[in-house]
Every structure is written in structure tokens, then in C-alpha cells.
Novice: 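The structure's right below; bear with me while I get my questions together.
Every chain is numbered from 1 and lettered A, B, ... according to where its sequence line falls, protein lines coming before strand lines.
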Amino acid sequence: MLDDLDRRILRTLQYTPDAAMHEIADRCGLTAAKVTRRLDKLRDAGLYRGQEAVVDWAALGFEVSVSLRITLDKTQARAFDEFHAAARDVPEVTEIQTFLGRVDVRLFVVARDMAHYQMLYRDRILTLPHISDIEALMLVSTLKSDERLPL
Amino acid sequence: MALVKAMQRDATQSAGALGRDLGLSQPATWRRLQKLQAAGVFKGRRVKLDAEKLGFGVTVFLGVKLATKGRVSLDDFERAVIAIPEVQTAEHMLGLYDYRLRVVARDLADFERILRRRIMTLPGAGDVEANVLLSEERLPGPL
């Protein structure tokens, strides 16, 4: 259902998301009206779900980013749901992912500085339900974060 | 902050539309957006696509350790890793492993191919740990 033109439009859009519609159209060799029509179709089909701004937390004063790898106590039937619900209530948590593998859940946490992180870790993270093990990795730098699909 | 939150949700809105939702005039909203932009608050925009519907059924997070400490240049590894199209994000970490990669693949067979041909052959790559993504939730963060 996705033809080469759709693919080309999405590819171009992924590389230059803030380009004006006529620029995208130029790069695809189409008219702006055609691109708009195709994008509307892709949106209706649920393939294209808009665009989000990626926030640079350091620019907002959150200098510390930590990835927390968490193993849950799976003897508790509702461990995943209850952990998830509680983690969602911590404002400094920006991502929650669940996995099949060595790790069950991963949280991405931002903090103003190490003192703030330590406080969050003690008061908000370690108090989350059903944790059996936790490992922290600190983000040094982000090399790539576009999440483009190789269409 | 409400403006940042709104932009996280939908970055394609005009200043006028954003202002209407927040009870601000179009010029006032535009000025605030410019200020946020100038302060570097927005790293850029990300196009949201349904990976699964587009044929990418598998997302795997890899933890990669560098094999030979010291001699291998981080630059070589980093240059090579960001050039792999299936690597969607690459982060340099401090802790259990050195790099964290988000890799997208069509299916598990495709993932195996990427792992063998692209990841294992990276200069300096050592131990690799893989976790298959089951679900993901993005939150607005402390705004």
C-alpha cells in the first residue's frame, strides 16, 4: 500500500522535518498539493502521526540524564502494571520502556544536578513498587537521536 | 513551559494555533517561541511514524562494550555506528557498557543480519547485550 513516492516523501520529511511543504515537494519532484494529499492519506492510515519537538533538557537546566535498568519481582502478578503506574507519576521520568531480555523495564530520568539526582533516586525511584534490581548508567553524550526509519 | 509541552505534542502548529490554546496572542506566542529557540531548548523535530505499520516490527536496544580499552579510538567507533541506517539512536554511557544503541529491523531475521554484518563488525566492538522492546511510553518530563 506504500508506494515509492510515499516512501520518498516520508524519507524527505524525516531528514528535513521543518522544511516548508513546497521544499519537500521540490525534493520529491511533486507539487505541494500532491504531497499534502499523500500525507493526509498516510495520516488517515495512521502511518504518519505528526511531529514532535525534541527538548534539550540541558538547555532547561537539567544537566544530568540517567538510564535506569530495572529488574522487577515477577512473583508479583501485577508488578509491571503497578510499577508502570507509579513511575508515570514521577515528573522527572521522560521515558518508560519494557523489554524482553535481561532487563524488564528501563526508565530515563533527568535531574538538575547530581544532588538533585541523588534525592530523586532515594525518594522517588527506590520507593517504586516491586523493584528487585536496579542498574544506573549515566548519559555522557548523545551521538544520534533522530529515530529515522530506513525506508 | 506550557508552550514547550505543546510543542512536544505537536511541533507543526502555527504560533496562532498554539497561542489560542494557551490564551496568548499570536505575536506574543511567536516571541516566546523565538526565545526558546534561541536558548536552544528545541534540539529539533522528530517525525512520528508507525514503525510497525511501515514494516519495522522489531526494535532492539543494544548495550555495547568496547573490546580493547585505550588503543581503539572512540571516534572510529562513533563515526561508524552513526552511519548505520538501522541505528536510530546512539548514546555514549558511563556504567555497565559504553554505548547504548536503538536498532530497528523488519523482523528477527533482519535484526540478526544487522547484528552480524553491521554491529559485530564495528571497530572495537566487544560484548553486546540485546533487549527487545515490548512497549514504550514517552512522558513530557518535568515541565
Novice: Flag the one option from B:M7, B:R9, B:Q8, B:E78 with the top tally of heavy-atom pairs under 4.5 Å to chain A.
Specialist: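 Counting heavy-atom pairs under 4.5 Å, the top option is B:Q8.
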Novice: Do the charged groups of A:D44 and A:K41 touch, with an N to O distance under 4.0 Å?
Specialist: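 Salt bridge absent between A:D44 and A:K41.
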Novice: Heavy-atom count around A:K34 NZ within 6.0 Å, excluding the residue itself: above 12?
Specialist: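 No, because the 6.0 Å sphere around NZ of A:K34 holds 12 heavy atoms or fewer from other groups.
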Novice: For A:R106 and A:S67, test the side chains for any donor-to-acceptor distance below 3.5 angstrom and give the result as yes or no.
Specialist: yes
Novice: Do B:R106 and B:F56 form a cation-pi contact, if we require the NZ or CZ to be under 6.0 Å from the six-membered ring centre and within 45 degrees of the ring's axis?
Specialist: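 Yes; both conditions hold, so B:R106 lies above the ring face of B:F56.
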Novice: Of the backbone (N, CA, C, O) and the side chain (C-beta and beyond), which part of A:R69 lies under 4.5 Å from a heavy atom of chain B, both, or neither?
Specialist: side chain
Novice: Are the side chains of A:D104 and A:H130 in contact, using a 4.5 Å heavy-atom criterion?
Specialist: no
Novice: Find the one option among B:P85, B:A6, B:A11, B:G95 whose heavy-atom pairs under 4.5 Å with chain A are most numerous.
Specialist: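 Highest number of pairs under 4.5 Å: B:A11.
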Novice: Compute whether any side-chain donor of one residue and acceptor of the other, for A:E95 and A:Q97, lie under 3.5 angstrom apart.
Specialist: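 Yes - a donor-acceptor pair under 3.5 Å links their side chains.
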Novice: Non-hydrogen atoms of chain B under 4.5 Å away: do they reach the side chain of A:I96, the backbone, both or neither?
Specialist: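 Both backbone and side chain of A:I96 come within 4.5 Å of chain B.
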Novice: Where does A:E147 contact chain B at under 4.5 Å (heavy atoms): side chain, backbone, both or neither?
Specialist: both
Novice: Among B:E136, B:E52, B:Q13, B:M1, which residue forms the greatest number of heavy-atom pairs with chain A at distances under 4.5 Å?
Specialist: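 The answer is B:E136.
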Novice: Considering only heavy atoms and a distance below 4.5 Å, find which of A:V109, A:V93, A:L2 pairs most often with chain B.
Specialist: A:V93
Novice: Under 4.5 Å heavy-atom distance to chain B, tell me which part of A:L10 shows up: side chain, backbone, both or neither.
Specialist: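 When you check distances to chain B, only side chain atoms of A:L10 fall under 4.5 Å.
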Novice: Among A:L47, A:V55, A:V90, which residue has the highest count of heavy-atom pairs closer than 4.5 Å to chain B?
Specialist: A:L47
Novice: Looking at chain A, which one of B:K48, B:E91, B:R100 has the largest number of heavy-atom pairs inside 4.5 Å, strictly under?
Specialist: B:K48
Novice: Quick one: what part of B:A51 sits under 4.5 Å from any heavy atom of chain A, side chain, backbone, both or neither?
Specialist: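 Answer is both: backbone and side chain atoms of B:A51 are under 4.5 Å from chain A.
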Novice: Taking the side chain as C-beta and beyond, is there a heavy-atom pair between A:V105 and A:F80 under 4.5 Å?
Specialist: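 SC-SC contact between A:V105 and A:F80 confirmed.
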Novice: Do B:T89 and A:S145 meet the criterion of a side-chain donor-acceptor pair at a distance under 3.5 Å?
Specialist: no
Novice: What part of A:L60 is in contact with chain B, defined as an atom under 4.5 angstrom from a non-hydrogen atom: side chain, backbone, both or neither?
Specialist: side chain
Novice: Counting only heavy atoms closer than 4.5 Å, note whether B:E137 contacts chain A via side chain, backbone, both or neither.
Specialist: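 Both parts, backbone and side chain.
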Novice: Verify whether the ring centers belonging to B:Y99 and B:H92 lie closer than 6.0 Å.
Specialist: yes
Novice: Could you check which of B:L134, B:D50, B:D10 has the highest count of heavy-atom pairs closer than 4.5 Å to chain A?
Specialist: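 So the answer, after comparing B:L134, B:D50, B:D10, is B:L134.
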Novice: Side chain, backbone, both or neither: which part of B:Y97 has a non-hydrogen atom closer than 4.5 Å to chain A?
Specialist: both
Novice: Using non-hydrogen atoms and a 4.5 Å limit, figure out which bit of A:A58 sits close to chain B: side chain, backbone, both or neither.
Specialist: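 When you check distances to chain B, no heavy atom of A:A58 falls under 4.5 Å.
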Novice: Checking heavy atoms, do the side chain of A:V110, its backbone, both or neither come under 4.5 Å from chain B?
Specialist: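 For A:V110, side-chain heavy atoms alone lie under 4.5 Å from chain B.
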Novice: Could you tell me which of A:W57, A:F108, A:F62, A:Y48 has the largest number of non-hydrogen atom pairs under 4.5 Å with chain B?
Specialist: A:W57
Novice: For the residue pair A:R148 and A:Y15, would you count it as a cation-pi contact if the rule is NZ or CZ under 6.0 angstrom from the ring centre and within 45 degrees of the ring axis?
Specialist: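 Ring-cation test returns yes.
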Novice: Would you say CZ of B:R32 has more than 12 non-hydrogen atoms from neighbouring residues, nucleotides or ligands within 6.0 angstrom?
Specialist: no
Novice: Looking at B:E86 and B:R117, is there a salt bridge between them, counting it only when a charged N and a carboxylate O are closer than 4.0 Å?
Specialist: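 Here B:R117 does not pair with B:E86 in a salt bridge, since their nearest N and O are not under 4.0 Å apart.
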Novice: Find the one option among B:V104, B:V41, B:L143, B:V87 whose heavy-atom pairs under 4.5 Å with chain A are most numerous.
Specialist: B:V41
Novice: Between B:R45 and chain A, with a heavy-atom cut-off of 4.5 Å, which part of the residue counts as in contact: side chain, backbone, both or neither?
Specialist: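 Backbone plus side chain of B:R45, per the 4.5 Å heavy-atom cut-off to chain A.
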